[in-house]
Amino acid sequence: MPGSPEHKPNDKTRAEVSALCAYGVPQDEISVYIGIDAKTLRKHYRAELDSAKIKANAKVRRFLFDAATGDAMAKGASFADCLRGSMFWAKTQMGFKDGNEVAEKADIDRVIEVVRATRTN
């Protein structure tokens, strides 16, 4: 804040900024939480701001991938969880669509390809 002494980041504040950013908290709110202005936040925590969301998204993608491939069942996830993960993965990564639309031949070919690949592993 204006007139405040120079901010000194430490391990605790770095972890807090990283976690808050990963959870989707806006930078202006993170700066209020830490007790600094947004410009100071960006100056001292650039690495955390740049990498936190990437790390969080990677963790979610890994979960979805594990669910879609059935690997999550070995870790205790239910079949229903894996089925939902598979459907989400197919929509976001393979171009499948919701609705009553007839699947294109390319979509059917991709499903067959995935099923064959999982059987051989």
> CZ/R46 to CG/D50 distance, rounded to the nearest 0.5 angstrom?
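Nearest 0.5 Å value for the CZ-CG distance: 4.5 Å.
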> Please tell me whether L64 and M87 are part of a single hydrophobic cluster in this structure, the criterion being side-chain heavy atoms less than 4.5 Å apart.
no
> Counting only N and O atoms by type, is there a donor-acceptor contact under 3.5 Å from the side chain of S18 to the main-chain atoms of R14?
no
> In the single-linkage hydrophobic clustering (I, L, V, M, F, W, Y; side-chain heavy atoms under 4.5 Å), do I36 and Y33 co-cluster?
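Both belong to a single hydrophobic cluster.
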> Of the non-hydrogen atoms in M73 and S78, which two are nearest, and what is the gap between them?
CG-O, 4.0 Å
> Quick one: side-chain hydrogen bond (donor to acceptor under 3.5 Å, both in side chains) partners of N57, sequence neighbours excluded?
none
> Using every non-hydrogen atom in the two residues, find where N10 and T13 come nearest and quote the distance to one decimal.
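Result for this residue pair: OD1-N, 2.8 Å.
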> So do the side chains of I30 and C21 get within less than 4.5 Å of each other, counting heavy atoms only?
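Sidechains of C21 and I30: in contact.
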> Using 4.0 Å as the upper bound for N to carboxylate O, is an ion pair formed by D71 and K75?
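No salt bridge links K75 with D71.
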> Using the rule that Ile, Leu, Val, Met, Phe, Trp and Tyr join whenever any side-chain heavy atoms are under 4.5 Å apart, tell me whether V60 and F65 fall into a single cluster.
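Hydrophobic grouping puts V60 with F65.
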> Are E6 and H44 close enough that some pair of their side-chain heavy atoms sits under 4.5 Å apart?
yes
> Using 4.0 Å as the upper bound for N to carboxylate O, is an ion pair formed by R42 and E48?
no
> Take atom CG of D11 as the centre, draw a 6.0 Å sphere, and report whether it contains more than 12 heavy atoms from other residues, nucleotides or ligands.
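Check fails, neighbour count at 12 or below.
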> Determine, step by step, whether H7 and L41 satisfy the side-chain contact (heavy atoms from CB on, under 4.5 Å) criterion, reporting the C-alpha distance in whole Å, the side-chain angles of both residues, the deciding distance to 0.1 Å, and the verdict.
CA-CA 9 Å; H7 177 73; L41 176 75; over 6 Å; no
> Nearest 0.5 angstrom please: Y45 OH to T40 OG1, how far?
10.0 Å
> Looking at every non-hydrogen atom in both residues, tell me the closest pair between D28 and S31 and how far apart they are.
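That would be O-OG, 2.8 Å.
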